[in-house]
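Report on the following structure.
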Amino acid sequence: MRKWLLAAAGILALGISGASAQGYPTRNITLVIPFAAGGPTDTVGRLVAESMSRTLGQTVVVENVAGAGGTRAPAQVAKATPDGYTILLHHIGMATTATLYRKLAYNALTDFETIGLVTDAPMSVIARPDFPAKDFKEVIAYVKKNKDKTNYANAGVGAASHLCGMLLMSAIGEQMNTIPYKGTGPAMTDVLGGQVDLMCDQTTNTTSHIQGGKVKAYGVTTKTRVKNLPDLPTLDEAGLKGFDLAVWHGIYAPKGTPKDVVAKLTAALQTALKDPKVIERFAALGTEPVSQSDATPAAHTAKLKSEIDKWRPLIQKAGVFAD
Ligand code: ASP
C-alpha cells in the first residue's frame, strides 16, 4: 500500500512539473537581485527583466534580496521550487564567495541550473566630490598618508566592490577603513554626499555621476578604456600594472528546473541581449551584452568554474574570509 502511494505521488509530481513546463510561463516570474535597488546589479537586472517579460508574455518581477555581500539571495533561490518562477541574476560574486565564505548555505556549482551570461561590466574608482586627489597617483599617496582613516565603501564581503577594494589595497600595500552597505546604490548616496571617501563600482552605476561631474573619478579596472569615459585612464595606465577586473553577470535557476523551462529562459535572455533598447542602455552605462554563444548554459557553467578556480588562490593569498 505504502509503495503504491509513493508511486502514485511520484506520477502526480511528474505530471504537475511536466504540465507546468509545457505551458510555461503562465504567471509572473520573480528575478531575485542580490543587492539593494538602485545599484548596478539592480539596473542590469531591471533592463533584462523588462525585455524578457516582452518575450515570455509574463512579467518578470525584480525582487531585491540584499545582505551578506550578495549571499542571501542565492541561498533563497537555491531552496525555491525549481519551476522557472524564481530565478536569480548574480555577478562575479557567485565565484568569489565560494572561497571567501567558510560556510555557505548553497553550492554555486551544484545547486543551480545556469541560464546564460549577460554582460561584463568594467568598474571605476571614484571618490566624494571634494576628495583632494587630482589623479590616481595622488589617491595612492592620500591612502598611504591617511592609512585606515580613509573610508572605502563596498557592498559587503563577496561584492564586486569588495573584490576591487581588496585588489586595490593589496596593490597599494595599505588597508582602508571599509564601510559595508546593502548595495552600491545606497553607498553611492553617501559618496555623492561626501560621507565616504572612495568606492570602486561598476560603470553601470558610476557613468552618469562621472559624466555629470558629481563624483571624482580616477581610473577604470579593465585593460582597455571605456568608450563613453574616454578621458579616464585604466588603472594599468595609472600605475597598477596588470590590474584587470570586469564584473560578469549571469542568470541562474534552482537545480532541477525542467530543461525546456531553462531553454525558454535562455532564449528570452538571448532575445533581450539583441534588443536595441537593451544594447543602447548598456552602451550608455559603459557596458555591452555578451555574445549570443555566451548567453548559454554551457558557456555560463564554464565561466563560473574557471572564475572559481581563478579567484581561489588570490583570495587565499589575501587571507580574507567571512563566516
Ligand atoms: N555593485 C555592487 C557590488 O559591489 C553591488 C550592487 O549592485 O549594489 O557588487
Side-chain angles (χ1 to χ4, degrees), residues 30-46 61-82 86-114 118 121 123 151-169 175-191 196 198-202 204-205 245 247-255 304 307-308 310-312 314-316 318-323:
T30 300
L31 176 67
V32 177
I33 302 288
F35 297 102
T41 317
D42 181 69
T43 300
V44 167
R46 281 174 202 270
V61 183
V62 167
E63 186 186 330
N64 300 85
V65 179
T71 60
R72 261 190 71 210
Q76 183 172 309
V77 174
K79 283 193 294 212
T81 308
T86 309
I87 55 176
L88 168 77
L89 183 136
H90 210 312
H91 63 23
I92 193 168
M94 273 303 259
T96 55
T97 49
T99 306
L100 277 169
Y101 280 76
R102 290 194 184 91
K103 252 191 285 157
L104 278 179
Y106 58 90
N107 181 308
L109 280 171
T110 55
D111 286 342
F112 301 92
E113 307 289 346
T114 50
V118 181
M123 300 187 87
N151 289 327
Y152 175 86
N154 74 14
V157 179
S161 45
H162 167 265
L163 179 65
C164 183
M166 192 181 92
L167 297 174
L168 283 175
M169 289 182 229
Q175 289 302 304
M176 292 185 256
N177 177 32
T178 299
I179 320 259
Y181 292 80
K182 287 224 161 135
T184 45
M188 180 63 91
T189 308
D190 280 4
V191 176
V196 66
L198 288 165
M199 179 160 80
C200 173
D201 199 23
Q202 285 103 300
T204 34
N205 194 30
L245 177 60
V247 181
W248 58 272
H249 301 67
I251 298 183
Y252 303 78
K255 191 80 193 171
L304 178 62
E307 286 279 293
I308 291 175
K310 171 180 167 181
W311 291 108
R312 186 182 298 117
L314 290 157
I315 292 165
Q316 282 170 340
V320 200
F321 300 105
D323 291 310

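Quantities reported herein were computed from a predicted structural model and do not represent experimental measurements.
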Quiz item: Where the side chain of N154 meets the backbone of G165, is there a donor-acceptor pair that is under 3.5 Å apart?
Solution: no
Exercise. List the atom of V32, the atom of A73, and the distance in Å for their closest heavy-atom pair.
Key: CG1-CB, 3.6 Å
Quiz prompt | W248 and L304: CA distance, side-chain angles, deciding distance, side chain to side chain contact (heavy atoms under 4.5 Å, CB included) verdict | solution = CA-CA 10 Å; W248 58 272; L304 178 62; 3.9 Å; yes
Practice problem: Mind checking the NZ-OG1 spacing from K255 to T114? Nearest 0.5 Å is all I need. | Solution: 8.0 Å
Practice problem: Test V77 against F112 for side chain to side chain contact (heavy atoms under 4.5 Å, CB included), laying out the working first. | Solution: CA-CA 9 Å; V77 174; F112 301 92; 4.2 Å; yes
Self-check item: Atom pair CG/OG1 of L88 and T30 - distance to nearest 0.5 Å
Solution: 12.0 Å
Practice problem: For the pair T178 and M169, evaluate side chain to side chain contact (heavy atoms under 4.5 Å, CB included) and give the outcome as yes or no after the intermediate values. | Solution: CA-CA 11 Å; T178 299; M169 289 182 229; 3.8 Å; yes
Self-check item: Over all atoms of both residues, closest heavy-atom pair of A253 and I87
Solution: CB-CG2, 4.0 Å
Quiz item: For N205 and G38, which heavy atoms make the closest approach, and how far apart are they?
Solution: OD1-O, 3.7 Å
Quiz item: If you round to the nearest 0.5 Å, how far is OH of Y101 from OG1 of T96?
Solution: 9.0 Å
Quiz item: Any idea which heavy atoms bring L31 and G45 closest together, and the distance?
Solution: CD2-O, 3.7 Å
Quiz item: Is it the case that more than 12 heavy atoms not belonging to K79 sit under 6.0 Å from its NZ atom?
Solution: no
Quiz item: For I179, what residues pass the side-chain contact (heavy atoms from CB on, under 4.5 Å) criterion, not counting sequence neighbours?
Solution: N151, N177, Y181, V196
Self-check item: Residue pair A121 / Q202: nearest heavy atoms and the distance that separates them
Solution: CB-CG, 4.0 Å
Practice problem: Might you work through the side chain to side chain contact (heavy atoms under 4.5 Å, CB included) test for V247 and T204, ending with a clear yes or no? | Solution: CA-CA 10 Å; V247 181; T204 34; over 6 Å; no
Quiz item: By side-chain contact (heavy atoms from CB on, under 4.5 Å), which residues pair with A66, not counting sequence neighbours?
Solution: K182
Self-check item: Rounded distance [0.5 Å steps], CG in L168 versus CE in M176
Solution: 5.5 Å
Quiz item: Parallel, tilted or perpendicular: which describes the rings of F35 and H91, with under 30° parallel and over 60° perpendicular?
Solution: tilted
Quiz item: If you round to the nearest 0.5 Å, how far is CG of D111 from OH of Y252?
Solution: 12.5 Å
Quiz item: From L198 CG over to Y152 OH, what is the distance, rounded to the nearest 0.5 angstrom?
Solution: 8.5 Å
Quiz item: For G250 and V118, which heavy atoms make the closest approach, and how far apart are they?
Solution: CA-CG2, 4.1 Å
Self-check item: Any donor-acceptor N/O pair, S161 side chain to A155 backbone, under 3.5 Å
Solution: yes
Practice problem: Spell out, as yes or no, whether a donor-acceptor pair under 3.5 Å connects the side chain of H90 to the backbone of G70. | Solution: yes
